[in-house]
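Sequence lines set the chain letters: A, B, ... in the order given, protein chains first and strands last, and positions in each chain run from 1. Just the heavy atoms: all of them, side chains too, but no hydrogens, waters or symmetry mates, feed the values below.
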Number of protein chains: 2
Amino acid sequence: MSKLNLHHIGQLSPEMALLGQLYGAPAHGYDLHRKVVVDLGQVWHLSQSQAYSILKRLAFQGEILMEEITQEKLPPRQLLYITPAGRQHFLEWLETPSGGSTRAIRMEFVTRLYFIKQYFPEKLLPLFDLQRTETFHHIQRLEKACAELPAEQVYNRMSLGLRVEQLRTTLAWLDKCLESVGS
Amino acid sequence: MSKLNLHHIGQLSPEMALLGQLYGAPAHGYDLHRKVVVDLGQVWHLSQSQAYSILKRLAFQGEILMEEITQEKLPPRQLLYITPAGRQHFLEWLETPSGGSTRAIRMEFVTRLYFIKQYFPEKLLPLFDLQRTETFHHIQRLEKACAELPAEQVYNRMSLGLRVEQLRTTLAWLDKCLESVGS
DNA sequence: TCTGATATACTCACTCGGTAAGTACTACTT
DNA sequence: AAGTAGTACTTACCGAGTGAGTATATCAGA
């Protein structure tokens, strides 16, 4: 049985969308959430409490630092900084291929694109190249799986068939993106 | 903000894939899981324990009945029957449109198709018609959302753009499916 | 005949993401 | 003076999914 199970989808998380914002400048959890909602709201659907819980995890993993700013009579606010470990993690993630599934591309790839355009515009072309070959290979893998399917498995074949078509569409879409983001 | 959040994806559950098998004949949990893995393994990735937990929920909701067959010296086995309530729920679900997202189509729609072909082959055409109009409307909704997006939201536009393309691909795929399943 | 792999059938403990709702204070408005 | 919107963060809870465990049957090969 393939390792691609429903749970894997959940691993697509807006974690890096938050961490990446801190790569630019320190901020409050509140601001990070706002920024992600505005800039990438159609990419990640991120509730406020979810954002805070992710940030807490990042802090626990040592990727961000929470500086507690106590104010008299006001509840303490937290200013968040990215740590060197966080920086490294973010940069590594930026270089990581976004995997084959359409969802991953719509979410992870677009997010990478968003940050690379901001921080490392010279790396735009390599990013697209990588994604193109990745996607292409994934198409081939799925086609192989489809070919190996016993003839009677009509519905499994349909499902795989759709995924292949989707990926082809994605390839074409990638080219359009490159244009619209300007090489 | 749209109600389509990550959690919603989880609501796509192989529940009906299991219940629908019982519509045909009573069986053991074990058999149901086997059948789903073989026939729809590329559609749902269903672990055994997950299957049992879904079945337990269905029993709790009164949609299936568990008849405990105690055997001397052997651990009790459970034969599962669908109840009238379960029958009704399944039939209602069969008529429900599969929603707009590509995932939903690949999973829910294909599953409906699988059962309708088995139990009500005369309803194949209406099923496809419904899905086509559903998908079409969803495309229009997304295009509207895209048009209303402020000009500067490049990445949100990309994301929506891809979803639209995917849905167009899906429309074409639907026609191919109808052919391959035989009208 | 003993052994060990494989299939059948089911259970349990745990993790983790996600949500809804609440808290508490500020700042603008009417 | 009161209402409402914005800022910033916390908490309790739910349910899906995983992985590992239990117990028995069966059958092939040494």
Check whether any side-chain N or O of [X] sits under 4.0 Å from OP1 or OP2 of [N], and answer yes or no.
X: B:R57; N: D:dA16; answer: yes
X: B:S47; N: D:dG17; answer: no
X: B:Y30; N: C:dT8; answer: yes
X: A:Q50; N: C:dG17; answer: no

Nearest-angstrom distance from the residue atom [atom1] of [X] to [atom2] of [N]:
X: B:R77; N: C:dA7; atom1: CZ; atom2: P; value: 17 Å
X: A:E68; N: D:dT10; atom1: CD; atom2: C1'; value: 13 Å
X: B:H45; N: D:dT18; atom1: NE2; atom2: C1'; value: 15 Å
X: B:L58; N: D:dG15; atom1: CG; atom2: P; value: 14 Å
X: B:Q61; N: D:dG15; atom1: CD; atom2: P; value: 10 Å
X: A:H33; N: C:dT19; atom1: NE2; atom2: C1'; value: 12 Å
X: B:R34; N: C:dT8; atom1: CZ; atom2: P; value: 7 Å
X: B:I54; N: D:dA16; atom1: CD1; atom2: C1'; value: 9 Å

Problem set entry | Working for side chain to side chain donor-acceptor pair (under 3.5 Å), residues A:T170 and B:Q166 | CA-CA 8 Å; A:T170 303; B:Q166 303 284 14; 3.2 Å; yes
Exercise. For the residue pair A:F90 and A:F115, does the interplanar ring angle fall in the parallel (under 30°), tilted (30 to 60°) or perpendicular (over 60°) class?
Worked result: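 Judged by the thresholds at 30° and 60°, the geometry between A:F90 and A:F115 is perpendicular.
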Problem set entry | Side-chain ion pair, A:D31 and A:R34, N-O less than 4.0 Å |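 Result for this pair is no, no salt bridge flagged.
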Exercise. In terms of the nearest nucleotide of DNA chain C, which residue is placed more toward the 5' end: B:H28 or A:S49?
Worked result: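 Upstream on the strand: B:H28.
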Problem set entry | Closest listed nucleotide, where the reference is the side chain of A:Q48 and the choices are D:dC9, C:dA9, D:dT10 |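 Closest of the options to the side chain of A:Q48: D:dC9.
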For this session: For residues A:F109 and B:Y155, establish whether the separation of their ring centroids is below 6.0 Å.
Result: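 Aromatic pair excluded; centres sit 6.0 Å or further apart.
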Problem set entry | Flag side-chain contact, heavy atom, 4.5 Å: A:R57 against A:S13 |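 Heavy-atom side-chain distance check passes, below 4.5 Å.
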